[in-house]
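Taking it in order: structure first as structure tokens, then the write-up.
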Protein chains: 2
Amino acid sequence: MEMLNERTERVLYSVVRSYISTNEPVGSRFITKAYSFNLSPATIRNIMADLEEFGFLAQPHTSAGRVPTDRGYRFYVDYISKRREAEDGLLESFIARLEAAREDLGGLLEMAARTLSERSKYLGLAAPMKSGKTTLNRMELFSYRGNYVAVMLLTDEGLIKHKLIRMDQALSPRTLRRISEYLNQEFSGYTIDEIRFKLIREMSREKALCDILISKAVRICREALTFPAGDIYISGFSDFIGLPDFSDRIGQIAGAIEDKHFMLKLLEQVGSESEDAPSVVIGSENPVREMRDLSMVVSAFKRGGKTAGTVGVIGPTRMDYPKAMAMVHGIAKIITEALAR
Amino acid sequence: MEMLNERTERVLYSVVRSYISTNEPVGSRFITKAYSFNLSPATIRNIMADLEEFGFLAQPHTSAGRVPTDRGYRFYVDYISKRREAEDGLLESFIARLEAAREDLGGLLEMAARTLSERSKYLGLAAPMKSGKTTLNRMELFSYRGNYVAVMLLTDEGLIKHKLIRMDQALSPRTLRRISEYLNQEFSGYTIDEIRFKLIREMSREKALCDILISKAVRICREALTFPAGDIYISGFSDFIGLPDFSDRIGQIAGAIEDKHFMLKLLEQVGSESEDAPSVVIGSENPVREMRDLSMVVSAFKRGGKTAGTVGVIGPTRMDYPKAMAMVHGIAKIITEALAR
DNA sequence: CTTTAGCACTCAAACATCGAGAGTGCTAAA
DNA sequence: TTTAGCACTCTCGATGTTTGAGTGCTAAAG
């Protein structure tokens with residue numbers, strides 16, 4: 001970046017800013033007027049030519065204005081990150097909703113995704129941490145309609161899951177209670193992944209002991225843990241799809257978004273890098289092909305010092321980064337606080 | 001319909017059929033060739049002119065071929081309903097999946113929606129009956145992290161819900177057990193709507209009795225029943241959006257689909273009419289404006305003789321009705337059977 | 001050495017023109 | 001009642017033409 005002097009930076013900044021708001025290639029003349037440089041268009045042209053040479057700008061065709069490249073956006077994001085202005089006031093509505101929201105993490109995250117998308121017109125995302133990493137608090141079993149067992153699974157992180165399991169025969173309340181005691185004693189306090197691992201060992205031991213109760217317990221537990229991985233809240237589909245930026249290839253993008261599994265992986269991947277500030281991935285920086293002309297802004301929220309999940313937005317590369325970053329960061333902070341109380 | 005003779009009906013049938021598969025206005029000449037009428041194009045033209053006069057066909061512009069109106073589609077649907085061909089073989093994959101599916105209704109319906117959309121390339125829908133109409137089987141309570149109470153709610157229909165409620169102070173296991181006993185004794189076997197009603201009465205009684213335990217029970221129950229109404233599974237968004245039929249107004253349609261509350265109402269409304277055969281709503285017959293150029297095929301599934309929910313597809317008016325009807329009907333039947341076993 | 005004015009050049013977008021092709025309606029004959 | 005024939009209409013794509021925005025380059029001015 002050291003090859004850019006003060007003035008050049010200002011020009012680049014102006015071009016990106018202008019393109020973000022108008023979505024039109026920006027010309028030298030326009031820059032001089034709109035941003036009151038005391039320079040002639042010709043000078044700006046020279047500067048822009050330099051910027052193009054360095055790969056910050058590009059021309060759709062010879063006689064069009066300039067358009068930022070991904071590298072240009074990257075400069076812009078880093079530039080504004082330095083002097084981050086407090087963009088508050090966007091978040092009260094979320095806080096207000098938070099009070100009304102259901103008390104569990106799911107409700108909270110759904111709300112977060114919705115707020116994010118409503119305020120940004122981009123795609124709002126929120127997901128709890130990978131369920132395997134969550135810590136089991138307790139497991140409750142009860143029989144249901146004869147030979148079914150309903151399992152409710154509570155984690156320390158506030159995640160709740162339920163599952164219905166069919167057994168060969170009905171289990172008496174007493175048996176059920178003993179199974180439940182056994183399971184909680186054995187597995188409470190471990191993460192789901194750890195439990196999965198322990199189960200495997202348990203299974204061989206069980207064979208040796210030939211204990212019919214433990215055998216049942218293990219089976220129930222194993223089934224209860226086979227929920228589909230994808231817990232993710234996505235909101236703002238329609239506004240996002242309606243954006244003019246990708247009026248072609250809508251099908252492709254819609255397909256990618258509908259694949260929750262895929263989205264979750266993406267979110268985790270990007271979010272894991274985020275420490276205090278939100279992490280930003282721009283267009284071609286994105287590891288995944290389908291997302292090559294989209295940008296993401298993602299931030300993690302925590303509980304008890306550990307990452308408990310991620311929130312973020314996805315938008316076109318020409319998205320309003322300052323606003324998106326402020327929102328994502330703000331909401332992550334609010335969730336962290338909400339979880340701490 | 002009595003104004004149409006045999007031959008005219010055949011022509012209309014052919015036009016609709018052809019338009020559905022090609023999505024191109026169909027001309028007189030094409031009809032004679034493709035469907036081997038022993039008539040000249042001119043004669044077909046006359047017939048088509050009649051059909052246009054009656055409102056079954058329309059021309060996009062004077063020198064284009066004919067296109068079915070909604071009334072034309074309606075004729076077509078009624079026509080094929082008479083001689084419904086067994087369109088089986090599409091459904092094994094669903095049955096296979098069914099076995100692998102989770103045992104509760106939610107998993108089943110998600111699967112159904114997905115199968116429907118994958119096989120039809122339209123939007124697949126599935127929803128359990130309005131939750132208010134379901135019958136409470138049992139309610140289970142346990143304390144969680146001090147002053148929270150986790151509630152698990154099981155209905156006779158196989159619907160499972162959970163909810164986390166924050167209390168002013170922690171409740172002892174003993175208290176909780178007593179509350180739970182009270183609630184189940186009082187409310188098991190009633191529908192959610194009935195329970196809501198009873199709760200109101202209970203609240204005044206409670207005041208009179210000033211029973212602190214009952215007061216807590218009532219509060220918990222009330223909160224537990226305030227889950228958001230919208231339980232609906234939607235699948236195939238991306239294929240549907242990608243359909244050429246509505247490349248404009250995608251935003252509008254996407255918006256309508258994203259509004260689950262709205263979709264649920266729509267599904268219920270249409271599904272309630274369906275008795276044995278699937279009910280079909282075509283374009284302008286649709287009560288809702290946003291859906292005016294979409295068609296729906298919906299069928300209800302049952303449990304114990306009572307409607308337990310609905311499945312359906314939404315597609316363009318020019319959709320493959322025979323296939324859609326066969327699929328929707330078939331899946332509804334399979335679900336009904338699965339629930340009965 | 002930097003900035004600027006001027007000018008020639010390029011290209012996309014908007015608009016008009018034109019012919020081909022598909023399809024119709026009407027009329028008159030079979 | 002059906003059909004052949006014909007004139008007519010309209011869309012669509014191809015082909016110019018014009019316009020305007022924007023550039024790069026050069027040479028002069030600061």
Side-chain angles (χ1 to χ4, degrees), chain A residues 3-12 14-19 21-69 72 244-245 247-248, chain B residues 3-12 14-19 21-69 72 244-245 247-248:
Chain A
M3 64 272 238
L4 303 184
N5 62 32
E6 169 69 30
R7 197 180 62 178
T8 314
E9 281 191 352
R10 250 189 83 209
V11 170
L12 177 50
S14 304
V15 172
V16 178
R17 211 174 152 59
S18 161
Y19 183 72
S21 61
T22 64
N23 201 16
E24 297 289 330
V26 7
S28 54
R29 201 186 143 79
F30 179 81
I31 285 289
T32 56
K33 292 211 162 177
Y35 294 86
S36 55
F37 284 80
N38 282 330
L39 293 171
S40 75
T43 311
I44 300 292
R45 276 206 289 282
N46 288 331
I47 297 171
M48 283 166 122
D50 292 348
L51 284 169
E52 184 165 0
E53 195 181 340
F54 288 140
F56 291 104
L57 297 179
Q59 298 185 73
H61 54 87
T62 43
S63 76
R66 297 310 206 290
V67 159
T69 60
D245 302 67
S247 46
D248 44 352
Chain B
M3 64 273 239
L4 302 184
N5 63 33
E6 171 68 28
R7 195 179 63 177
T8 315
E9 283 190 351
R10 249 189 84 209
V11 171
L12 178 49
S14 305
V15 173
V16 178
R17 211 173 150 60
S18 160
Y19 184 71
S21 62
T22 64
N23 201 16
E24 298 287 330
V26 8
S28 52
R29 200 184 143 80
F30 179 81
I31 285 289
T32 56
K33 293 214 162 175
Y35 294 87
S36 56
F37 284 80
N38 282 330
L39 293 171
S40 75
T43 311
I44 300 292
R45 276 206 289 281
N46 288 330
I47 297 173
M48 283 166 122
D50 293 347
L51 285 169
E52 182 164 3
E53 196 182 339
F54 288 140
F56 291 103
L57 296 178
Q59 297 186 75
H61 54 86
T62 45
S63 75
R66 297 309 207 288
V67 159
T69 60
D245 302 69
S247 46
D248 45 352

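Keep in mind that this is a model prediction, so the values were computed, not measured. Order of the sequence lines fixes the chain letters, A, B, ..., with proteins taken first and strands second; residue numbering starts at 1 for each chain.
- Considering only side-chain N and O atoms, B:Arg66 lies under 4.0 angstrom from the phosphate OP1 or OP2 of C:dT24.
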Show every donor-acceptor pair shorter than 3.5 Å between a side-chain atom in residues 36-43 of chain B and any protein atom, with sequence neighbours excluded, or say none if there are none.
from, atom 1, to, atom 2, distance (Å)
B:Ser40, OG, B:Ala42, N, 3.3
B:Ser40, OG, B:Thr43, N, 3.4
B:Ser40, OG, B:Thr43, OG1, 3.3

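- The side chain of A:Arg7 contributes an N or O atom lying less than 4.0 Å from OP1 or OP2 of C:dT3.
- Residue B:Leu57 forms a side chain to side chain contact (heavy atoms under 4.5 Å, CB included) with just one option from B:Val11, B:Leu51, B:Asp50, and that option is B:Leu51.
- You'll find the side chain of B:Phe30 stays beyond 4.5 Å of the side chain of B:Glu24, heavy atoms only.
- The separation between B:Glu52 atom CD and C:dC26 atom P is 11 Å, rounded to whole Å.
- The CD1-C1' distance, from B:Ile31 to C:dG23, rounds to 13 Å in whole Å.
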>> I'd like to compare against my own output: the B/S/- annotation of nucleotides 5-11 of chain C with a strict under-4.0 Å heavy-atom distance to protein.
In response: BB---BB
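- Put simply, CG on A:Leu57 is 15 Å from P on D:dG22, counting in whole angstrom units.
- When rounded to the nearest whole Å, the span between CD of A:Glu24 and P of D:dG20 equals 17 Å.
- D:dG22 atom C1' lies 14 Å from atom CG of A:Asn46, rounded to whole Å.
- One atom, CZ of B:Arg29, and another, P of D:dT3, lie 15 Å apart when rounded to the nearest Å.
- Here the CD-CZ distance, from B:Glu52 to B:Arg45, works out to 13.5 Å after rounding to the nearest 0.5 Å.
- B:Ser14 OG to B:Ile47 CD1: the interatomic distance, rounded to the nearest 0.5 Å, is 10.0 Å.
- What separates CD of A:Gln59 from C1' of C:dA12 is a distance of 13 Å, to the nearest Å.
- To the nearest 0.5 Å, atom NE2 of residue B:His61 and atom CD of residue B:Gln59 are 8.5 Å apart.
- Helical stems involving DNA chain C, defined as 3 or more consecutive Watson-Crick or G-U pairs under 3.5 Å, span C:1-30 with D:1-30.
- Nearest heavy-atom pair across B:Pro60 and B:Gly65 is CD-O, 3.4 Å.
- Remark: P of D:dT23 and CZ of A:Phe30 are 13 Å apart, rounded to the nearest angstrom.
- Rounding to the nearest 0.5 angstrom, the gap separating the CZ atom in B:Arg10 from the OG1 atom in B:Thr8 is 11.0 Å.
- When all heavy atoms are compared, the tightest approach of A:Val16 to A:Gly72 is CG2-O, 4.1 Å.
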